[in-house]
Each structure stands twice: as structure tokens, then as C-alpha cells.
> 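This is the structure I want to talk about, given as C-alpha cells.
All heavy atoms count here, side chains included; hydrogens, waters and symmetry mates do not.
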Amino acid sequence: MTLAVFDKIISDRGSRYAVSGGPARSREDVQALLAELKRNKRFAKATHNTWAALLGGEAVRDDDGESGAAQIIQQMLERAGLDNHVIVVTRWYGGKHLGGDRFRHVVDAVRHYLAQADISAGA
């Protein structure tokens, strides 16, 4: 499995964000990529590892306590036409609530991943 990790991409009021992802064709692939990510203790101790994947056109996702964030990732995967792929947005809570800005950060993190991972639509 190929896991691309872009760490320390966003910082706001103490909260820090990273984005990761890779090819996934099944729920088992998604779980394997999450396990690989969490082998790094920093990611294992993160407040949230929110993810979404399109597996053969079927959306699967988990907010991991960051209510509503996985749906944003899913919508962006659908818009990009990126099937059989998982994207994980990781947040380390910094002690101050971000309100709606947290959703903007999820969008920015996924955009960063899509640009940096050089993924074309339909990949």
C-alpha cells in the first residue's frame, strides 16, 4: 500500500492539520492504510483522523469525532472523480474551538492532498 502523508500543512489557534491518503479498493484496504498511518505515534495520538473513501463508487467514511468533516472529504472525492482512494484529514486539537473554520481547514487539506499527490480525475 502506498500512503502519501503531508504533515503540518495548516495551523490555526493551536490546532494542527495533516492530510494523507492512498489507493484503496476495499474497507480492508482503508483499515490497512489507517493502521499504517497510526503506526506513527503522532498520528495515533491525534484528536481526529477523519476519512472518506469511494470504493467502487460506494462512499464509506468516518468522522472520528469531527462531526460533518468526513462528508466534506467524500464530496470532494466525488467531485474529483477519485474512485478507489481514501483521504484522511488528521487534526491535533489546540485547545480553542475553531467553529466553522474547521470545515474550511478540511477543504484546504483535501485540496492540498489532491494537488500535491498529483492525482488526475478518474485515477
> Do Tyr113 and Met76 come close enough that some side-chain heavy atom pair is under 4.5 Å?
no
> Within the 4.5 Å heavy-atom criterion, are Leu98 and Arg91 side-chain neighbours or not?
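Contact flag for Leu98/Arg91 side chains = yes.
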> So, Asn84 side chain and Leu55 main chain: donor-acceptor pair closer than 3.5 Å or not?
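Looks like no, no N/O pair under 3.5 Å.
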> More than 12 foreign heavy atoms under 6.0 Å from CZ of Arg13: is that the case here?
yes
> Give me the atom names and distance for the closest heavy-atom approach of Thr50 to Ile73.
O-CD1, 3.6 Å
> Determine yes or no for a side-chain-to-main-chain donor-acceptor pair under 3.5 angstrom, with Ser15 supplying the side chain and Gly94 the backbone.
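Present.
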> Closest approach of Val30 and Ala53, non-hydrogen atoms and distance?
CG2-CB, 4.0 Å
> Checking the side chain of Asp7 only, and the main-chain atoms of Ala18 only, is there a donor and an acceptor separated by less than 3.5 Å?
no
> Could you check whether any side-chain heavy atom of Glu28 comes within less than 4.5 Å of a side-chain heavy atom of Gln31, counting everything from C-beta outward?
no
> Tyr17 and His112: aromatic ring centres closer than 6.0 Å?
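No: the rings miss the under 6.0 Å criterion.
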> Measure the spacing between NE2 of His85 and CG of Asp29 and express it to the nearest 0.5 Å.
11.5 Å
> What pairs with Asp108 under side-chain contact (heavy atoms from CB on, under 4.5 Å), at least two apart in sequence or on another chain?
Ile10, Arg104, Arg111
> When rounded to the nearest 0.5 angstrom, what distance separates CD1 in Ile72 from CG in Asp63?
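CG of Asp63 is found 9.0 Å from CD1 of Ile72.
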> Quick one: are Lys8 and Arg16 in side-chain contact, heavy atoms under 4.5 Å?
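Contact flag for Lys8/Arg16 side chains = no.
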> Tell me the closest heavy-atom pair linking Leu3 and Ser20, and the distance in Å.
CD1-CB, 4.1 Å
> Looking at every non-hydrogen atom in both residues, tell me the closest pair between Leu54 and Leu82 and how far apart they are.
CD1-O, 3.6 Å
> Could you report the tightest heavy-atom contact between Ala70 and Ala52, atom names first, then the distance?
O-CB, 3.6 Å
> Rounded to the nearest 0.5 Å, what separation is found between the CZ atom of Arg61 and the CD1 atom of Ile87?
14.5 Å
> Please report the closest heavy-atom contact between Pro23 and Leu33, naming both atoms and the distance.
O-CD1, 3.4 Å
> Same cluster for Val106 and Tyr93 if Ile/Leu/Val/Met/Phe/Trp/Tyr side chains link at under 4.5 Å?
no
> For Asn49 and Val88, indicate whether the former's side chain and the latter's backbone hold a donor-acceptor pair under 3.5 Å.
no
> Can you check side chain to side chain contact (heavy atoms under 4.5 Å, CB included) on Val5 and Thr90, steps first, answer last?
CA-CA 10 Å; Val5 179; Thr90 302; over 6 Å; no
> Could you check whether atom CZ of Arg25 has more than 12 heavy atoms from other residues, nucleotides or ligands sitting under 6.0 Å from it?
no
> Without swapping roles, check the side chain of Asp62 against the backbone of Trp51 for a donor-acceptor pair under 3.5 Å.
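Checking the backbone N and O of Trp51 against the side chain of Asp62, no donor-acceptor pair under 3.5 Å is found.
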> To the nearest 0.5 Å, tell me how far Arg102 CZ sits from His48 NE2.
7.5 Å
